[in-house]
Amino acid sequence: MSKELEIRQHNVLTNARYDYTELQLDLLFFMVSRLRKDQKTATYELPIKELTALTGKQYHLPYLRQATADMGSRMFEVEDKTGYRQMWMFQSVHYLLGQGIIEVKLSEAVLPFLFDLKDNFTSYTLAAALRLSSKYAKRIYQYCSQWKDMGETKRYDLQDFKKMLGLLDEKGNEKMLRISDFRESVLDVAVKQINEHTELNISYKLEKRVRTYTHIVFTVKPQALAETIPFDLVATAQNVPGVQQSHYDNAARILDELRITDAKHRQTILTSAAHVAEVNRYNHDLKTSKIKATRNPGGLLLVRLGLVAAKTTKTAA
């Protein structure tokens with residue numbers, strides 16, 4: 001893409017509490033990019049071929065139907081001066097069979113937060129948001145985009161920040177109890193992906209009171225967009241001879257689970273039928289305990305594929 005498409009949404013929506021998957025966030029970003037103020041209806045068409053052209057991903061009907069069904073049932077909670085507002089994104093979703101188009105009708109409650117922006121909006125680029133493979137990276141990219149002109153985000157209360165990401169519910173149940181897990185699986189992955197694939201360079205600082213981490217703040221700087229693999233060169237099963245689509249999709253999902261996010265490694269793996277087969281075989285062996293890689297299963301896979309050298313352990317003389 002020679003020119004990145006900038007999209008805008010209300011800050012209230014940026015900071016809303018909701019938990020979407022990577023696929024659901026891609027659909028949300030794509031939908032927001034197609035909003036038109038002069039359109040008199042709240043119904044929009046999402047051509048899935050266009051989304052595929054942007055991301056290089058294949059979107060199959062059963063997964064899309066499940067994604068939009070879950071989006072329809074998941075609540076957005078936003079806070080303003082008057083209190084808390086609970087909303088749902090869609091009024092209805094219509095799949096136009098044989099056309100590859102999803103027709104969505106937005107709920108009336110959410111429309112003001114998509115159109116009545118005034119000065120209270122977050123702007124970010126569609127292609128950059130779609131390039132990020134971690135759902136947490138996608139959300140944190142939005143937060144940092146909101147503060148990019150200030151050089152630093154506000155000090156987020158850590159518990160509120162986790163609620164925004166869907167990591168902490170109202171009863172205090174956490175998906176990641178250990179701060180080390182939160183750093184490794186959420187923050188560090190997000191920083192790496194955002195710095196590699198977007199126009200922002202970010203870092204974070206966790207603030208501690210006594211022995212408890214209480215706040216988080218991000219430093220945000222502009223950067224020249226790092227060179228990434230063009231969308232039209234991203235592999236799909238259609239251009240990898242001998243690979244079934246289901247095997248390809250499963251291999252891509254496994255790379256996500258193992259946090260293998262380096263663009264060059266993913267391109268090398270997903271354009272090789274042998275590598276795709278090995279990824280699926282490795283995952284089976286891992287799940288059935290034929291191999292053990294409790295510390296760094298992603299690193300072990302890269303070693304098995306010959307993409308990185310195995311680390312040697314030093315022995316005493």
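With a 4.5 Å cut-off on side-chain heavy atoms, I269 and L301 do not count as touching. Residues L27 and L64 form a side-chain contact, since some pair of their non-hydrogen atoms from C-beta on lies under 4.5 Å apart.
Atoms CG and OH, on L61 and Y95 in that order, are 6.5 Å from each other to the nearest 0.5 Å. With rounding to the nearest 0.5 Å, the separation of NE2 in H215 from NZ in K154 is 9.5 Å. Distance NE2/H275 to CZ/R266: 14.0 Å, rounded to 0.5 Å. Atoms CD1 and CZ, on I102 and R65 in that order, are 11.0 Å from each other to the nearest 0.5 Å. Separating the CD1 atom in I140 from the CE atom in M164 is a distance of 9.5 Å, to the nearest 0.5 Å. One distance of note links CG of L158 with OG1 of T214; it measures 7.5 Å at 0.5 Å rounding.
Side chain of Q223 to main chain of L200: a donor-acceptor pair is present (N/O by atom type, distance under 3.5 Å, no hydrogens or angles). Of the possible polar contacts, none joining the R131 side chain to the T198 backbone as a donor-acceptor pair under 3.5 Å is found. The main-chain N or O of S133 is found under 3.5 Å from a side-chain atom of Q193 such that the two form a donor-acceptor pair. Listed for the N195 side chain is a donor-acceptor partner under 3.5 Å among the backbone atoms of I202. A donor-acceptor pair is defined here as one N or O able to donate and one able to accept, closer than 3.5 Å; no such pair exists between the side chain of E45 and the backbone of I101.
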### Message
For V32 and L28: C-alpha separation, side-chain torsions, deciding distance, then whether side-chain contact (heavy atoms from CB on, under 4.5 Å) applies.
### Response
CA-CA 6 Å; V32 173; L28 175 63; 4.1 Å; yes

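Of all the heavy atoms in I194 and A137, the pair that sits closest is CD1-O, 3.7 Å. The heavy-atom pair separating T153 from W147 by the smallest distance is CA-CG, 3.5 Å. When every heavy atom of E174 is checked against every heavy atom of M176, the shortest pair comes out as OE1-O, 3.1 Å. Residues K208 and V210 share a closest heavy-atom pair of CD-O, 3.1 Å. Scanning all heavy atoms of the two residues, the minimum distance from E103 to T43 falls at CG-CG2, 3.3 Å. Taking both residues in full, the closest heavy atoms of L286 and P297 are given as CD2-CB, 4.0 Å, listed atom of the first, atom of the second, then distance.
Around the CZ atom of R253, the shell of radius 6.0 Å holds more than 12 heavy atoms that belong to other residues, nucleotides or ligands. Taking a 6.0 Å sphere around CZ of R304, one finds it holds more than 12 heavy atoms contributed by other residues, nucleotides or ligands.
Cation-pi geometry between K138 and F29 is not met: the NZ or CZ atom fails to fall both under 6.0 Å from the ring centre and inside 45° of the normal. Geometrically, R183 engages Y213 in a cation-pi contact, judged by NZ or CZ lying under 6.0 Å from the ring centre and within 45° of the ring axis.
The aromatic rings of F218 and Y156 lie perpendicular to each other, with more than 60° between the two planes, well past the 30° mark.
Between R155 and D160 there is no salt bridge, since no side-chain N of the basic residue sits under 4.0 Å from a carboxylate O of the acidic one.
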